[in-house]
Structures are given as C-alpha cells and as structure tokens.
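Here is the naming used below: chain letters follow the sequence lines, and residue numbers restart at 1 for every chain.
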Amino acid sequence: MKKLFSLIMVLLLLVGCSGGNGGNGGGGSDATVRTVTVQAPTPIISMDHHIATDGTSFIAQTMIISGLMELDANGNPLPDMAESYEMSDDGLVYTFKIRDDANWSNGDPVTANDFVYGWNRLVDPDTASDYSWILETACVESYEAVDDKTFKVTLGAPTGFFLALTAFPSFFPMNQKFVEEKGDQYSLTPNDLLFNGPYVMTSWTSGYSFEFELNPNYWNAAEYAEKYAEKVVFREITDTQTALMEYESGNLDNVTLSGEQVDANKDVAGFINKLTGYMYYLSINMGNNVHERDGAANLANANVRQAILYAIDRDEIARVLNDGSVAANGIIPIGLASNPSTGKDFRDDAGAVVAYDVDKAKEYYAAAVAELGHDVTFELLYGTDEGDSIIKAAEQIQYYLEQVGFTVNLNGKPKKERLDLAGNANDHDYDVMLTRWGPDYGDPQTYMDLFVSTNSSNNDGGYNSADYDALVADAEGGAGATDADVRWKDFLAAEVQLVKTDAAVVPVFQAGGAMIINPAVTGIEFHSAAVDSYRHIQVNR
Amino acid sequence: MKKYIMKRVLISIATLLVIILVLFLLMDLMPGTPFNDEKLTEAQLALLYKKYGLDKPLIVRFLLYLKNMLTGDLGVSYAINKNFAISDMIKGRLGISIAVGAMAMIFGTIMGLLLGILAALNHNSWIDNLCSVISVIGVSVPSYVCALLLCYYVAYKMKLLPILYNQTMPFRSLILPALALSVSPTANIARFTRSEMIDVLNSDYILLAQSKGIKDYKMIIRHALRNTLIPIITVMGPLLVNLLTGSSVIERIFGIPGIGLLMISGIQQNDYNVTIACSFIYSVMYIAVMLVVDILYGVIDPRIRVSKEG
C-alpha cells in the first residue's frame, strides 16, 4: 500500500512537471506560421447566419462566408462577392455583378440564385429567424436572379445604408443544394458548413475554441496568402483574470479587460478603449397603468421625467465604470451614422440633448411634488447577469436620483426575467428600467423606430407623441424618403423631441470595451454599428 | 444481496421519473423564455415556440420527452448552442468533467487520508494541530481562491503547468483544476479520518494487536484503516458526485468545456432541455454512487452484508 502511494505521487509529479515550458500552443509562441490566437469572451450560439443573433456567432460567420459587400476598417462597403454594382439614378435599383471566380468550397460557383435562396430562407416563417424583418427595414421590395451572375434588388425608397447592410450575415448567400442536403444538420459542425469567404472553419469545440484557416478557393486567396493571418484561433475564455494571465504569458494576442483591470493596464502597449454601439438608457414607463403601481402614475408627469433627465451625472458614471464607456449625449450613439452631405457624425451634428444640472433637476422635482401632492418613489429594474457595469450603473443612478429627492428602490433581476417583466406578456410590469439597444445597421432609424407609438414590441414605456411619430414617419416614408438631408433633419428633431422635450427615455452611457491587442497584430476592426471584423488580421512577429 | 440491489434499482428508476416530472414543472414555472432577446417581436416568439413545440401543453411535452428519451434523444438546445442535439453537447463535456472530478477525488483521498492518519498517529502534538489547521483552511477557503492562487503562482509565475485547459495536453492542463477542486475533499476526508482513527487506535483490539507484536504500519493498514474507512466512504459518495458533475467556477477560471458551466448557463438562459438533461445526469450519478457506497459497505465490513441478508 505504501509503495503504491509513493508510486502514484512520483508519477503525478513526473507527468505534471515534465517539460514545464508553460507553452500553451497558442499563437503567441508560434513564430513560424502566421497564427493569431484571440479571445472569444462568449461562445458561438449558431453558425447558421439566419439563426444566430450574437456578436461572436456573426464574427465567426463573416470569417467563412462572404456577402455581396464587405466592410473596410472604417465601415465603408467594399466589393466582395459582387465584382461591381450599378445603382439606378433614383437610388431604387441595385444591380450586382457577381464575380466569375467566386466559388463555394465544394467547387460550385457562387450565383445570384444563392442570394435569392438565402434571402428567401431568411424571411421564411419556418426558419423563424430573429432577423426576418431586416429586409423590410432595408426597404427591399423585390430581388431576383437576372442570370447566374446578375442579382437585382429593388428598394421601395432610397436607403443609404443598404449597401453596407449586404455585408451583414443575414444577407449572405446560401448554396441551396448543400443546405437542403444537410437538413437539420446544417451548420452544426465545420463539416456541415460550406465556405465562400476568406477562411474555412477547421474546428469548433463549444466552450473551448473555434479555428479558421485560409480558404484556397476564395476569389482573393492570393492576396490573403501573402498578407493576412494563415490561421486564426478563437479561444473561449470568460474569466477576465486568467485571460489576462494568458495574454501576459504570450499565449493570446488580445484580451478584453474588466473595469478593475483598466487602471493597471492602461499604459501597456496595445491598450485600446473601443466604443461599442450599445446605448444604455432608462426606459420610463408612463403609458401603462395596468398594474396600478405608484411609479407608473407618477412617471406620466412631465416634471418627474425632466427631473430624472437632469439629475444624472453621466460623466461620473462613465468614470466609475472605467471600461471605456462614455457619457451619453443623446439616444443615438457616437459613430452610428454620418450626415449625408457633410459627413459629420450624428452626435456632432446634434450636440448634447441631455445635461447634468442638479439645480434644474431639483426645480423640476419640486414642481412635480407640487403637482402630485407627494414625494416620488419608484423602482429601478435592471439586469443582474448582464455584466458588472450594469449593476454599478444602476447603483450610481439610484444615488444621483436620490440626491434630487426621489426614493429609488433597486430591483435587480436576471435578464430573462427583466425582459419578461418589461414585455407585453406581463403588461410592462416596471417603473423605470435600465436597458440597452445595439444598432442593427448604421442609421438613426435603428433607434428611432423603437419609440414610435405603433411599435408594440419595443416601445415598452408606452411613449405616445404625435409630434415624434410625425417626424419619424416623414423621415422614413414622407419627404425624407427621397431627400436624404430632410431625413437627417427629421431624425435630429425627433431625438430632441424624444429626449429633451418629452424625456421619454433617459440616455445614460454608451458602452465601451477596454482591450489589449498584441502590437504585433493589426487589422482587428471594430464597428460600432456592424459586426466586428477579424478577417483582415495581419501578423508581424 | 441480489434481491436488495434489484429493489434499490427499481426504487431508483421511480425516483428518476419523479425527478424529471418535477424538473419539467419547475422549468415551466421559471419566468421568461429561452429566447431572451430584446429584439424579438411577439410574432417571432410565437414562431419560435411553435418551431420547438413549446406551445404544446405541459403534459404533452412531458410524455413526448419521456418517449424521446427512451430512444436516447434528449432534445435540442434552444439558446446555448441553438439546434444542437443535447446528447452531442453533453457527450464531449461529461468526459472532461469526470476526468477533472476523478483526478480531484484521487488527490483529495490520498492527501486527506495521509493528513488524517498523520494527525491521529501524532494525536495532541504539533503535527496534529498543523493538520487540523490545514483542514480548517481547506474547508473554509472557496475553491476559486485556491484556483486563482495556483494559476498565478504555479502556472503564471513558475510556468510549471498551463494556465488554461488545453486539448492537446489534457492531463497536464487538468492538474491545477483538479488540485483546486481537491482542497475541500482533502480537508473533509482528513477530519473524518483523524477522528475515526483516534477512536479505533484507542480500542481494545488494537491494543491486542500491538501486544502480539504486529508491526506498526501493518497494524495501521490492516486493522485501523479498514475500520476507519466505513464512515469515510459515506462522506466520499456525495463528494464524488459533486466533483464528477463539474464545478462551474473552476471550469470558468480554467476555460474547461465541462458540464458544470453548461448546466449553469442552461438555468440562466432557460435552455430547458439542457437543464433537464444535466440535472438528470446529476441525479443518475448520485443514485448510482449511493448504491455503490451501500454495496461497498458490505465489501469492507462483512458484518453489514450479513445483517442485511438476515
């Protein structure tokens, strides 16, 4: 028995400590091949581009599938499967010429029919795609394969963001023969996928990693072979502390930092603060008195809402979060869309439509108390499993509102419960909710549509303003439909109406992400209004 | 004995059926849906419910689930890996969790027994006190603290082992997670071994053995340890199931694609099939281990077997 014990212990020590170079087979230690190992903070949910809804899945899909266009580092569309395109003078008809050398990895050519099939599948109720509405949003009225290599799209109104949207996975082509052959199995493993993009997926173990290697059949394979990473490994690491250790050991080429890690690392080479498109705001429930809550009745009072709007020190909240987030100046995030004539960012054009002014907030609060005849108490609903920054932000918001005189009770719930309470199923059972919206495309419409009175799915607070509705309608279907400048001005005015005049929603912060990227690695492109791109990575070790 | 085992197996099957039913009811009571996306409209939600058959009444879903389960079909994931067969998701993950858990159990048992025996043999000396202090620390320090300490010093500073789990060197990269997980079983087993051993060492038959001149180590292993093992095995059963079914915290820290993290995500995201399948596996393992423990009693102490047969 004693001998057995010693034997086991000796064996464990030998195996455990042999060859202790600490190398983890990652990109950092692999100098001969242009391999890059990046962190995936969340897993892939689906490789089917009609089923996925999350950033990681979309990033993985853009590695292996190419749409008509792709995006450059600044988010501008570049031809990809389409060699060229023509737009009619009225901006309503797009005719795409698909490359002759565009092929799927099984040798089939990429044809216009692949787009027709893909788009048909997107809107098919049997697919139950979360993004089935996006064709309509892009004003797509019809699409057809004129011939094998010519794809024609007709829009109902000129849509400035249409071309960039063709780089979004929902618009990607699909090889009908392959997809139908695979049936339910389609996209479940790398062998059940077909590639026409710059990379092929070589492995995928959920919870561990997914890997890509150059696709020799890609139309631009020669340039890729010369310039870009030969292999891109995504390692799923959720724990920020071990992820940082892994980066510092040279086994990872980038790492996402939590707010606590930023101060110690902000002078490290390769540190960046990137802005995401996620806008966090307070949704104020003013239209639903079903629950006979104190809050809902009080929140219909305009002075109450103005007091909330002015009470919050957004700069201080961003400083506390310390993760690259910035104070919100309006409901439209920075970097979402630019003026069609001047190219100026929406935020620069609009300026700040919110301000921190504690005296003004107190005045509004006093006026509200005088009107209502009592102090105002309400619940702040927020997500407890949606990141530490949300919990911190909710506590900060509570603090600032209480400075003005409100009594705010925090009501933290898991996301599934938060959405359930706020939705129609529970008749919007909340007072004020800290929530967020990420843009689906680079246009103010992606936010403005949320708050029109007819939007029963998203307008949880029950905001109902004829002026706001009219501005949005004019932008999207009226004069703005044919005049991009009018459309732009309508949206600028709509934001003022929604936020400043009515205080129907209270923007708080635009989420950021602090990250360190190995200085030897370039070309990871962040798009606040589109999918981040990892398909242009270059390595210079 | 055969009759006894048969009876236990039948009770176990009935228990499992009840467990599935209760799980189904609990899933149904959980707020929210498996489709937690603020962007979904009512119509889209209805389509998704229909697609996955969630629009059917609870009892129909339950019976359908049982029927499919008998053919090995545990359904598909709604949220974590959309449309993946649960059996495929679990297959890969369970093996890794069992490997880490088994390693942790081996580390824990060896170290726990050694510490306990050492403490008992040196009762009331500084060695005994030291072992007690180690046990108390082991019980009270959470495994993730040990995990991060091991990660930082052994992997990051000394570079002796990989920081994260690595498929290409599974054994080496599972040593640290197993060590972190073994801290609590080590402490538990050490405490039990110590107190049992002290009792046994003070008993008459040990005195007799000593007076007959049996060598110390032989006496400890043949007589003292054997009698000490029974209560320890009772503790080890549940400990083992806890370890084998994975620890979400340890899996998260070391990036291990195990079943513990999967189950937690399943609960958080209302991925019903994942939660039910993971809980079911947990139950099966628990019941199986308890059955084995019962049988082991008989092997270690024939008196128990005789009394049960009688």
| request: Please look at A:R418 and chain B and tell me whether the side chain, the backbone, both or neither of the residue comes under 4.5 angstrom of a heavy atom of that chain. | output: side chain
| said: Heavy-atom pairs under 4.5 Å with chain A: which of B:L40, B:T33, B:V76 has the most? | reply: B:L40
| query | Which answer fits B:E251, side chain, backbone, both or neither, if we ask what part of it has an atom under 4.5 Å from a heavy atom of chain A? | reply | neither
| said: Is it true that, when you exclude B:Y144 itself, more than 12 heavy atoms of the residues, nucleotides or ligands shown sit nearer than 6.0 Å to its OH? | reply: no
| task | Return the minimal non-hydrogen interatomic distance between B:L47 and A:A128, and the atom names on each side. | result | CB-CB, 4.3 Å
| Approximate separation, where rounding is to 0.5 Å, of B:T41 OG1 and A:W133 CH2 | 10.0 Å
| Using non-hydrogen atoms only, which part of B:A147 is less than 4.5 Å away from chain A: side chain, backbone, both, or neither? | neither
| query | chain B heavy atoms under 4.5 Å from A:I45: which part of the residue, side chain, backbone, both or neither? | reply | both
| query | Side chain, backbone, both or neither: which part of A:D126 has a heavy atom under 4.5 Å from chain B? | reply | backbone
| said: So for B:K51, is it side chain, backbone, both, or neither that comes closer than 4.5 Å to the heavy atoms of chain A? | reply: side chain
| remark: Under 4.5 Å to a heavy atom of chain A? For B:M89 that would be neither
| Under 4.5 Å from a heavy atom of chain B, the part of A:D130 involved | both
| query | Does CD belonging to A:E136 count more than 12 external heavy atoms closer than 6.0 Å? | reply | no
| message | If I measure from the heavy atoms of chain B, does A:L419 come under 4.5 Å with its side chain, its backbone, both, or neither? | response | side chain
| query | Among A:N251, A:L252, A:T242, A:D239, which one satisfies side-chain contact (heavy atoms from CB on, under 4.5 Å) with B:L164? | reply | A:T242
| message | Using side chain to side chain contact (heavy atoms under 4.5 Å, CB included), reason through A:S457 and B:Q44 one step at a time and then give a plain yes or no. | response | CA-CA 10 Å; A:S457 296; B:Q44 285 173 314; over 6 Å; no
| message | Within the structure provided, determine whether A:T53 and B:K82 are in side-chain contact (heavy-atom separation under 4.5 Å). | response | yes
| query | OG/A:S187 to CZ/B:F84 distance, rounded to the nearest 0.5 angstrom? | reply | 7.0 Å
| message | Please check: side-chain N/O of B:Y156 versus main-chain N/O of A:S249, any donor-acceptor pairing under 3.5 Å? | response | no
| With respect to chain A, which residue among B:L148, B:L262, B:L261 yields the maximal number of heavy-atom pairs within a distance under 4.5 Å? | B:L148
| For the atom pair CD (A:E417) and CG (B:N270), what is the distance rounded to the nearest 0.5 Å? | 9.5 Å
| remark: The interface call for B:I253 against chain A, heavy-atom contacts under 4.5 Å, is both
| query | Non-hydrogen atoms of chain B under 4.5 Å away: do they reach the side chain of A:T127, the backbone, both or neither? | reply | backbone
| field | chain B interface, residue from A:S206, A:S456, A:P414, A:S57 that has the most non-hydrogen pairs under 4.5 Å | value | A:S206
| task | Heavy atoms only: give me the nearest B:N81-A:W204 pair and the separation to one decimal. | result | ND2-CZ2, 4.4 Å
| task | Report the distance from atom NZ of A:K416 to atom CD of B:Q268, rounding to the nearest 0.5 Å. | result | 8.0 Å
| query | So which part of B:F35 gets closer than 4.5 Å to some heavy atom of chain A, the side chain, the backbone, both or neither? | reply | neither
| message | I need the minimum non-hydrogen distance between B:F254 and A:R235, along with the two atoms involved. | response | O-NH2, 4.3 Å
| task | Name the region of A:I44, side chain, backbone, both or neither, that has any atom closer than 4.5 Å to a heavy atom of chain B. | result | backbone
| request: Under 4.5 Å, counting heavy-atom pairs only, tell me which of B:G255, B:A43, B:A85 racks up the most with chain A. | output: B:G255
| note | Checked A:D385, A:D54, A:N424 vs chain B; the most non-hydrogen pairs under 4.5 Å come from A:N424
| task | Using the test side-chain contact (heavy atoms from CB on, under 4.5 Å), find all partners of A:E236 that sit at least two apart in sequence or belong to another chain. | result | A:A40, A:P43, A:F210
